[in-house]
Amino acid sequence: MLTNLEYLSAQVRRALTLAFGAEVSGADPLLSEASNPKFGDYQANVALPLARQLKQSPRQVALEIVNHLHVAERFEVPAIAGPGFINFTLKPSYLAAQMQAIQSDPRLGVALVSQPQRVVIDFSSPNIAKEMHVGHLRSTIIGDCLARVLEFQGHTVLRLNHVGDWGTQFGMLITYLREVCPEALTTAEVIDLGDLVAFYKRAKHRFDADADFREAARQEVVKLQAGAADTTQAWKLLCEQSRQEFQVIYDRLQVHLSERGESFYNPLLPQVLTDLDAAGLLAQDQGAQCVFLEGFTNKDGNPQPLIVQKSDGGYNYATTDLAALRYRIQQDQAQRLIYVTDAGQANHFAQVFQVAQRAGWIPHDIEITHVPFGLVQGEDGKKLKTRSGETIRLRDLLDEAIVRAKADLEARLVAESRREDPEFIESVAEAIGIGALKYADLSQNRTSNYIFSFDKMLALQGNTAPYMIYAYVRVQGISRKGGIDFGQLTHPTLVLEADAELTLAKHILQLPEIVQQVALELLPNRLCQYLFELSQKFNQFYDRAPVLSAAEPQRTTRLVLCDRTAQTLKLGLALLGIQVVERM
RNA sequence: GCGCUCGUAGCUCAGUGGAUAGAGCAGUUGCCUUCUAAGCAAUUGGUCGUAGGUUCGAUCCCUACCGAGCGCGCCA
């Protein structure tokens with residue numbers, strides 16, 4: 001089933017060939033959604049640039065195209081307007097047929113892709129022995145959303161949590177714990193992550209201030225890399241401790257990941273060096289093994305190196321990322337690699353990708369994309385911190401979102417003299433709080449910085465999760481009130497007449513195009529925008545078109561519109577990783 | 001110094017080589033005996049950072065400048 005844009009594109013190309021011959025058949029039809037609903041649903045602008053080439057007036061060109069156009073299956077007779085725009089309006093009968101076609105379709109018309117890919121998405125990636133914070137929130141929920149969208153399209157997605165489970169920090173942490181809490185290194189569950197973070201900070205402090213400590217920490221790293229039993233055991237315990245804490249967060253966010261940390265690639269690092277050398281890319285500089293980059297200069301204007309082996313012989317994250325990239329292509333057989341990290345790492349990834357490219361490790365048909373996102377800022381425009389200047393813990397953020405959602409709900413229950421049991425209040429507050437937190441982040445173009453505000457994300461009106469969930473709840477209200485089982489509407493006869501009905505139906509039917517767009521551009525905010533507009537159009541419909549009291553065939557038509565709206569919202573929000581509730 | 005990202009309404013943000021640049025919030029004003037008013041309708045508000053250029057047409061592409069953020073060799 002072609003989308004409307006695909007259908008129009010094919011038809012306009014055919015008309016171009018018929019009207020003007022083969023030489024213009026390659027012209028882009030310049031199709032888009034209508035810039036304004038009063039012009040119809042879609043527009044083709046191809047006549048404007050073609051006019052000059054054909055030495056005819058744009059309107060004349062448009063007329064020739066329309067005369068050779070056959071779109072009656074879906075559209076009214078195309079109209080020519082303005083300087084030479086061709087406007088298309090969908091037929092109500094076609095819309096009704098399409099609504100009927102998706103009536104019992106759980107995928108709401110969204111097709112599976114014809115050529116599923118293996119996709120690796122690298123996201124979340126917190127560091128062992130540190131708390132997850134707001135920075136991880138963006139990566140986690142954007143990555144999860146992209147994974148859900150691609151999975152829904154039928155791709156095989158490997159969701160990789162590239163946790164920071166290796167490196168010099170373990171040397172100082174283990175050294176410090178040997179001094180102050182040795183049992184933590186041999187016994188599970190002795191300390192929780194909060195303590196571990198405190199230990200880490202004190203260890204860092206010692207490391208910076210005390211030369212003996214520094215040397216001991218280095219020795220510990222050497223032991224770890226050599227696989228010494230006691231150090232390795234301690235390392236594993238620390239990782240397990242962190243892992244359990246992370247899992248609490250992931251469970252609350254309902255995000256699934258496969259952990260494959262940096263340490264996984266350790267055995268592969270020497271080969272990276274060997275192969276870079278074989279490719280003639282390796283150079284030694286100031287004792288370090290480097291690849292000099294093209295297009296990157298340092299502060300002196302000289303070519304900048306990517307260091308792949310430090311002068312002390314250790315490897316760094318560039319080496320690990322190169323090994324991971326190769327492993328994902330060769331072993332995981334990934335055809336598309338997606339990295340969801342903050343925009344500050346754009347240079348790093350551009351550099352790693354360049355080196356991998358020059359080493360010949362990226363086949364032509366493999367797509368590698370860094371999906372950057374901006375900083376999370378407080379309402380003062382600065383990097384989000386607590387009042388005392390500490391990094392805000394992710395778990396506290398989740399707690400506060402839920403507490404605030406609960407307070408809103410309880411105030412509303414009082415205002416409306418409603419009584420609900422505690423389980424209801426808890427579950428709604430949880431869904432609304434977490435949903436609002438995710439939606440606020442996903443609804444912005446990820447490339448810009450994001451100003452974090454509980455008040456805005458939990459606002460009951462506007463482009464927020466509560467507003468959309470409320471639209472869903474309204475449909476369920478109709479179902480309850482009228483004793484309607486939407487599942488029984490299997491072969492409805494639909495007659496779309498009122499503007500509110502047509503507008504809503506058109507919007508519902510756009511879901512496949514939106515999903516396709518998000519999968520291509522990797523911008524979740526497009527889906528958010530779609531769902532927000534759907535909610536708005538439903539609320540307008542709800543206001544203007546009574547459902548239960550309508551006569552047939554309006555009543556059935558409107559019931560179907562309600563049901564499909566609700567299912568579209570539920571599906572769309574699910575793709576964002578957000579749950580709906582039946583009442584709120 | 002170089003690089004990347006960004007600059008759109010009072011605030012938070014969408015958006016596109018094409019028709020009169022949109023939304024939410026805030027402000028003003030209507031609409032609840034009616035499917036939950038967490039809603040709907042109306043209305044105020046813009047030299048799309050500045051200046052050039054390309055184009056039939058630029059908020060969008062190019063150049064310069066101004067401003068903000070981030071990054072720039074042995075952390076990740």
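Below, chain A is the first sequence line, B the second, and so on; all start at residue 1. Note that the structure is a prediction, hence the values are computed from the model and not measured.
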Interface polar pairs with nucleotides 55-57 of chain B, N/O, under 3.5 angstrom:
unit_1: C56(B); atom_1: OP1; unit_2: R52(A); atom_2: NE; d: 3.4
unit_1: C56(B); atom_1: OP1; unit_2: R52(A); atom_2: NH1; d: 2.3
unit_1: C56(B); atom_1: OP1; unit_2: R52(A); atom_2: NH2; d: 2.7

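No contact: A350(A) has no heavy atom under 4.0 Å from any strand. The residue D165(A) sits apart from the nucleic acid: no heavy atom pair falls under 4.0 Å. Within the 4.0 angstrom heavy-atom criterion, base atoms lie near L409(A). Within the 4.0 angstrom heavy-atom criterion, only backbone atoms of the sugar-phosphate kind lie near R526(A); the bases stay farther away.
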Under 3.5 Å, side-chain donor or acceptor atoms of residues 39-54 of chain A against the rest of the protein: list the pairs with distances, not counting sequence neighbours.
unit_1: D41(A); atom_1: OD1; unit_2: K506(A); atom_2: NZ; d: 2.9
unit_1: D41(A); atom_1: OD2; unit_2: L90(A); atom_2: N; d: 2.7
unit_1: D41(A); atom_1: OD2; unit_2: K506(A); atom_2: NZ; d: 3.1
unit_1: Y42(A); atom_1: OH; unit_2: N4(A); atom_2: ND2; d: 3.3
unit_1: Q43(A); atom_1: OE1; unit_2: S35(A); atom_2: N; d: 3.0
unit_1: Q43(A); atom_1: NE2; unit_2: N45(A); atom_2: OD1; d: 3.1

Which donor-acceptor pairs under 3.5 Å do the side chains of residues 543-556 of chain A make with protein atoms, sequence neighbours left out?
unit_1: E552(A); atom_1: OE1; unit_2: T556(A); atom_2: N; d: 3.1
unit_1: E552(A); atom_1: OE1; unit_2: T556(A); atom_2: OG1; d: 2.8
unit_1: E552(A); atom_1: OE2; unit_2: T556(A); atom_2: OG1; d: 2.9
unit_1: Q554(A); atom_1: NE2; unit_2: E497(A); atom_2: OE1; d: 3.1
unit_1: R555(A); atom_1: NE; unit_2: L548(A); atom_2: O; d: 2.9

Can I get a per-line list of side-chain donor-acceptor pairs under 3.5 Å for residues 444-462 of chain A, giving both atom names and the distance, sequence neighbours left out?
unit_1: N445(A); atom_1: OD1; unit_2: T447(A); atom_2: N; d: 3.1
unit_1: N445(A); atom_1: OD1; unit_2: T447(A); atom_2: OG1; d: 2.8
unit_1: R446(A); atom_1: NE; unit_2: L522(A); atom_2: O; d: 2.9
unit_1: R446(A); atom_1: NH1; unit_2: P372(A); atom_2: O; d: 2.9
unit_1: R446(A); atom_1: NH2; unit_2: L522(A); atom_2: O; d: 3.2
unit_1: S448(A); atom_1: OG; unit_2: N445(A); atom_2: O; d: 3.1
unit_1: N449(A); atom_1: OD1; unit_2: L375(A); atom_2: N; d: 2.8
unit_1: S453(A); atom_1: OG; unit_2: D455(A); atom_2: N; d: 3.4
unit_1: S453(A); atom_1: OG; unit_2: K456(A); atom_2: N; d: 3.1
unit_1: D455(A); atom_1: OD1; unit_2: R404(A); atom_2: NH1; d: 3.1

> In B/S/- notation, 5' to 3', how is nucleotides 69-76 of chain B contacted by protein heavy atoms closer than 4.0 Å?
Replying inline: SSSBBBSB
> Which letter, B, S or -, goes with each nucleotide of nucleotides 21-36 of chain B from 5' to 3', with contact meaning a protein heavy atom under 4.0 Å?
Replying inline: --SSS---------BB
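Distance alone, capped at 3.5 Å, places no donor-acceptor pair between the R260(A) side chain and the H162(A) backbone.
Each of L460(A) and Q43(A) lies near RNA chain B, and the nucleotide nearest Q43(A) is the one positioned closer to the 5' end.
Within the structure, side-chain hydrogen bond (donor to acceptor under 3.5 Å, both in side chains) contacts touching residues 430-440 of chain A (residues at least two apart or in different chains) are Y439(A)-N463(A). Applying the side-chain hydrogen bond (donor to acceptor under 3.5 Å, both in side chains) rule to pairs touching residues 471-482 of chain A yields Y470(A)-R474(A), Y472(A)-E582(A), R474(A)-N539(A), sequence neighbours excluded.
Shown here are the side chain to side chain donor-acceptor pair (under 3.5 Å) partners of S263(A), two or more places apart in sequence or in another chain: D165(A). Residues forming a side chain to side chain donor-acceptor pair (under 3.5 Å) with S125(A) (at least two apart in sequence, or on another chain): D122(A). Qualifying side chain to side chain donor-acceptor pair (under 3.5 Å) partners for Y542(A), counting only residues two or more places apart in sequence or in other chains: none.
Syn is the glycosidic conformation of C32(B), whose angle stays within 90° of 0.
Between the CD atom of E33(A) and the P atom of G17(B) there is a distance of 13 Å, rounded to whole Å. One atom, CD of E533(A), and another, P of G15(B), lie 11 Å apart when rounded to the nearest Å. Rounded to whole Å, atom P of U5(B) lies 12 Å from atom NE2 of H370(A).
Classified by interplanar angle (parallel below 30°, tilted 30° to 60°, perpendicular above 60°), the ring pair Y176(A)/F213(A) is perpendicular.
Within residues 428-446 of chain A, the residues that have a heavy atom under 4.0 Å from RNA chain B are, in order of number, Q444(A), N445(A).
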